[in-house]
Amino acid sequence: MPGASILIWTQLTEGLISALREAGAWNDAAPPRIELAIPRERSHGDWTTNVALLAAKEAGEKPRALAEKLAAAFPRDAALFESVEVAGPGFLNFRYAPEFLDRLPSRILSEGENFGNSDAAQGLAIQVEYVSANPTGPLNVVNARAAAVGAALVRLLRATGHRAEGEFYVNDAGNQVDLLGASVAARFAERIGTERAFPDHGYLGSYVADLAAQLPEVEARRALADADGARWFRERSLEKMLAWQRSDLSDYGAEFANWVRESTLHGAGDVEKALASLEARGMIYRAIDPEIDCSGAPRGPEPDAPRDPATYVRSGRFGDDKDRVVVKSNGVPTYLLPDIAYHRNKRARGFRHTIDLWGPDHHGHILPLKASLAALGLEPDFLEVLIVQQVNLLAGGQPVKMSKRAGEFISLRDLMNDVGSDCAKFFFLLRSTSAHLDFDLDLARSRNDENPAYYVQYAHARIASVMRFAAGRGLAPLDAAAEAALDHPAEAALARQLAAFPEVVRGAATAREPHRIPAYLMETAAELHRFYHACRVVSEDAPRSRARLRLAAAAAVALRNGLSLMGVSAPERMEREAEVEA
RNA sequence: GCGCCCGUAGCUCAAUUGGAUAGAGCGUUAGCCUCCGGAGCUAAAGGUUACAGGUUCGAUUCCUGUCGGGCGCACCA
């Protein structure tokens, strides 16, 4: 049970349940919701709960009166809390005992890389599907954002006791890959001086020519001459594109346990099975128009010729605006059917829950897919979709012009080469996933104090430097000498900040909000710097030096673990811009 | 016409699932290095949380409406 010793949340919850029982405010049928938080206002204690406010009505008491009862009945652990106070309209505020904070650094050091972890989820199998870009071009900046967020989510979920895996879904069955193959074939023909028309809506990016240039020439010439050669170009281009994406993501630090190809679902008959399963549940019908349609979309002009009937899924019964076509009148499935089959497949592989990260242009698909999965009988909470909002790249204060159609855009690889992957990830994780992000390339490029990414790393490097200095004086943080009290306000403030880390990790994981981690780390770095300025660490007073070293080392653990959740390195040393140029 | 995301300090964004006096960074202003890394610290200025109602002990958060920005609304994926 790593980290559980400091997961005060559990202890508080259990204590409050016991106090609620004793106060007669516990109802087994409808237990009051217990919300615990770390108040931003210090004077409100180190932990706070509003449970008395929430439970008062049910218990038939005034909030403050109930709060008084709960404070009296709360099981006291003098080594953890020195006081439980009633405040305001009925808040309960808990205050750490000084000795808890004194001992905290040693406990954090012994937990090491496990500090911050908990087993709250008890091994729930959960999957995070992210990036899942079409294999028809380099990864773009939204993919880069999704990669940072998805990888961070997997780490956060693991840190909170989930069995979490990353997965990449490869859309290799659609006609876009045909188009890629045809585009590459045309570029190859161009390269060897043969005539071959470039396909309509073909991929125009320079990477297409790069792909063509890397083909084995003899085989490619043969395929070009062959009537069935399109398939060769298609397969070659697909594999090469996938290999590029794979290595880019790997270099970026985004790991995937599985790469699942849409083509394998077709090959294994999963798509037909999904359809059959829907049909067996009476969720399929054939018609010209959907039976349910409340979408409010403007009706197009009536087609001249009567259409043949298509196959619909009854998604409209499960919250969708309308029933959706799963097989077109020409017998070809729409995108929705393989998507349903894919998610059915995920569930069959034992995942109890899946989190899909989709791009901003896909939010219209959430409802149809969710409703279809409900029609299939999957648990309503099986699929959770997070939209990774768009990224606006700025340079010189102006939006960077990009043309997806012409294949001219900044890729993940460009971004890594330009600002570095640590910096890119830090910037992407700094903002909430659902909000549009302005990515200032000039700021990300800068290696000075204007760049927020370095602030946290610098705090870590600074601690490492103090450690080196102390080691030169024969001092180490793990010396088993008697623990001196932390009596300076800046020491206590830093220790309090460190105590909050497991709760921040827990909250970030449950809310699916990785941005809470960098926010916490920036606060922690600020506390560290304040402590550093207020308290000389290495002094003539050896016991005090050791206590402060322990505190600083514990702060380094929190910073390192937090950065690690983000996939960002925690350097032991950093060089300033001026030094780099010198 | 309908749906989704968003609207918070000059700029970029937070605000612990409805909590107490709305906070950071950048920018601006004024200070702090004989001393463990100044990529740092301290302080000041900056707000009717787009607007109008509603729900309640309590609203940036939830509901309704209006305005503004972005993205979607196919038998394309």
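Lettering of chains follows the sequences in order, A, B, ..., and the numbering in each one begins at 1. Quick note: numbers below take in every heavy atom, side chains included, and nothing from hydrogens, waters or symmetry partners.
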Novice: Name each donor-acceptor pair under 3.5 Å that joins a side chain in residues 529-536 of chain A to protein atoms two or more places apart or in another chain, with its distance.
Specialist:
unit_1: A:His529; atom_1: ND1; unit_2: A:Arg462; atom_2: NH1; d: 2.9
unit_1: A:Arg536; atom_1: NE; unit_2: A:Val538; atom_2: O; d: 2.8

Novice: Expressed as a whole number of Å, how far does the P atom of B:rU55 sit from that of B:rC67?
Specialist: 24 Å

Novice: I'd like to check the ring-ring contact (aromatic ring centres under 6.0 Å, His included) partners of A:Tyr454; sequence neighbours left out, ordered by chain and number.
Specialist: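 So A:Tyr454 forms no ring-ring contact (aromatic ring centres under 6.0 Å, His included) with any residue.
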
Novice: Is there a donor and acceptor pair, one atom on the side chain of A:His363 and one on the base of B:rG3, closer than 3.5 Å?
Specialist: yes

Novice: For B:rG3, take OP1 and OP2 only and decide whether either is under 4.0 Å from a side-chain N or O of A:Lys322.
Specialist: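 False: A:Lys322 side-chain N/O out of range (4.0 Å or more) of B:rG3 OP1/OP2.
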
Novice: Between B:rC13 and B:rA52, how far apart are the two P atoms, rounded to whole Å?
Specialist: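 Pairwise P distance, B:rC13 against B:rA52, rounds to 25 Å.
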
Novice: Who are the ring-ring contact (aromatic ring centres under 6.0 Å, His included) partners of A:Phe426, not counting sequence neighbours?
Specialist: none

Novice: Rounded to the nearest Å, what distance is computed from the CG atom of residue A:Leu369 to the C1' atom of nucleotide B:rC4?
Specialist: 16 Å

Novice: Nucleotide by nucleotide, 5' to 3', does protein get under 4.0 Å of the base (B), only the sugar-phosphate (S), or neither (-) in nucleotides 14-22 of chain B, counting heavy atoms?
Specialist: SSBB-BB--

Novice: Go through RNA chain B and write down every stem, that is, every run of at least three consecutive Watson-Crick or G-U wobble pairs with distances under 3.5 Å, as range with range.
Specialist: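 Expected stems, ordered by start: B:1-7 with B:67-73, B:10-13 with B:23-26, B:28-32 with B:40-44, B:50-54 with B:62-66.
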
Novice: Taking the C1' atom in each of B:rG7 and B:rU48, what is the distance between them to the nearest angstrom?
Specialist: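 Pairwise C1' distance, B:rG7 against B:rU48, rounds to 16 Å.
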
Novice: Quote, to the nearest angstrom, the P distance that separates B:rU21 from B:rU49.
Specialist: 14 Å

Novice: Using the P atom in both, what is the distance from B:rC4 to B:rU64, to the nearest Å?
Specialist: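 To the nearest whole Å, 9 Å.
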
Novice: Which pairs of donor and acceptor atoms, one on a side chain in residues 323-333 of chain A, lie under 3.5 Å apart (sequence neighbours left out)?
Specialist:
unit_1: A:Asp323; atom_1: OD1; unit_2: A:Ser315; atom_2: N; d: 3.4
unit_1: A:Asp323; atom_1: OD1; unit_2: A:Gly316; atom_2: N; d: 2.8
unit_1: A:Asp323; atom_1: OD2; unit_2: A:Tyr285; atom_2: OH; d: 2.5
unit_1: A:Asp323; atom_1: OD2; unit_2: A:Ile292; atom_2: N; d: 3.4
unit_1: A:Arg324; atom_1: NE; unit_2: A:Asp320; atom_2: OD2; d: 2.8
unit_1: A:Arg324; atom_1: NH2; unit_2: A:Asp320; atom_2: OD1; d: 3.0
unit_1: A:Asn330; atom_1: OD1; unit_2: A:Val332; atom_2: N; d: 2.9

Novice: Enumerate the side chain to side chain donor-acceptor pair (under 3.5 Å) contacts for residues 426-435 of chain A, please, sequence neighbours excluded, ordered by first and then second residue.
Specialist: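 Residue pairs with at least one partner in residues 426-435 of chain A: there are none.
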
Novice: Roughly how many Å apart are B:rA14 and B:rA24, using the C1' atom of each and rounding to a whole number?
Specialist: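 That atom pair is separated by 7 Å.
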
Novice: Taking only residues two or more places apart in sequence or in another chain, which ones pass ring-ring contact (aromatic ring centres under 6.0 Å, His included) with A:Phe427?
Specialist: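 A:Phe427 satisfies ring-ring contact (aromatic ring centres under 6.0 Å, His included) with A:Phe439 only.
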
Novice: For A:Glu262 and A:Asn171, test the side chains for any donor-to-acceptor distance below 3.5 angstrom and give the result as yes or no.
Specialist: yes

Novice: Looking at A:Arg473, I'd like to know whether one of its side-chain N or O atoms comes within less than 4.0 Å of OP1 or OP2 on B:rC36.
Specialist: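 Negative; the distance criterion is not met.
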
Novice: Mind calculating the distance between CG (A:Asp438) and P (B:rC11) to the nearest angstrom?
Specialist: 12 Å

Novice: If you go through the side-chain atoms of A:Ser465, does one of them form a donor-acceptor pair with the base of B:rC36 closer than 3.5 Å?
Specialist: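 In this structure, the two groups form no donor-acceptor pair.
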
Novice: So which protein N/O to nucleotides 30-35 of chain B N/O distances come out below 3.5 Å?
Specialist:
unit_1: B:rC35; atom_1: O2'; unit_2: A:Arg536; atom_2: NH1; d: 2.6

Novice: Any salt bridge linking A:Arg496 with A:Glu527? Criterion: basic side-chain nitrogen under 4.0 Å from a carboxylate oxygen.
Specialist: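 No, no charged N to carboxylate O under 4.0 Å.
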
Novice: Looking only at atom P, what distance separates B:rG23 and B:rU60, rounded to whole Å?
Specialist: 13 Å

Novice: Scan A:Pro309 against the nucleic acid and name what it touches under 4.0 Å (heavy atoms): base, sugar-phosphate only, or nothing.
Specialist: nothing

Novice: If the condition is salt bridge (Lys or Arg N to Asp or Glu O under 4.0 Å), which residues does A:Glu35 pass it with, not counting sequence neighbours?
Specialist: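 Partners of A:Glu35 by the salt bridge (Lys or Arg N to Asp or Glu O under 4.0 Å) criterion, ordered by chain and then number, come out as A:Arg33.
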
Novice: Report the nucleotide, chosen from B:rG40, B:rC71, B:rC75, that has the shortest atom-to-atom distance to any side-chain atom of A:His529.
Specialist: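 Comparing B:rG40, B:rC71, B:rC75 against the side chain of A:His529, the answer is B:rG40.
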
Novice: From CZ of A:Arg286 over to C1' of B:rC75, roughly how many Å is that when rounded to an integer?
Specialist: 12 Å

Novice: Considering only the C1' atoms, how many Å lie between B:rG27 and B:rU12, rounded to the nearest integer?
Specialist: 11 Å

Novice: Choosing from B:rC71, B:rC36, B:rC41, which nucleotide comes nearest the side chain of A:Arg530?
Specialist: B:rC41

Novice: Would you say A:Tyr455 places a side-chain N or O within less than 4.0 Å of OP1 or OP2 belonging to B:rC41?
Specialist: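 Yes, because at least one side-chain N or O of A:Tyr455 sits under 4.0 Å from OP1 or OP2 of B:rC41.
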
Novice: Throw together a table of side-chain donor-acceptor distances under 3.5 angstrom for residues 359-371 of chain A, partners on residues two or more places apart or in other chains.
Specialist:
unit_1: A:His363; atom_1: ND1; unit_2: A:Pro360; atom_2: O; d: 3.1
unit_1: A:His365; atom_1: ND1; unit_2: A:Tyr335; atom_2: OH; d: 3.0

Novice: Could you state the NE2-P distance from A:His365 to B:rC75, rounded to the nearest angstrom?
Specialist: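 After rounding, the gap between these two atoms is 12 Å.
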
Novice: With sequence neighbours excluded, tell me which residues meet side-chain hydrogen bond (donor to acceptor under 3.5 Å, both in side chains) with A:Glu68.
Specialist: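 Partners of A:Glu68 under the side-chain hydrogen bond (donor to acceptor under 3.5 Å, both in side chains) test: none.
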
Novice: Side chain of A:Tyr312 only, heavy atoms from C-beta on: which candidate in B:rC36, B:rC71, B:rC75 is closest?
Specialist: B:rC75

Novice: Based on the glycosidic angle (syn within 90° of 0, else anti), state the conformation of B:rC33.
Specialist: syn

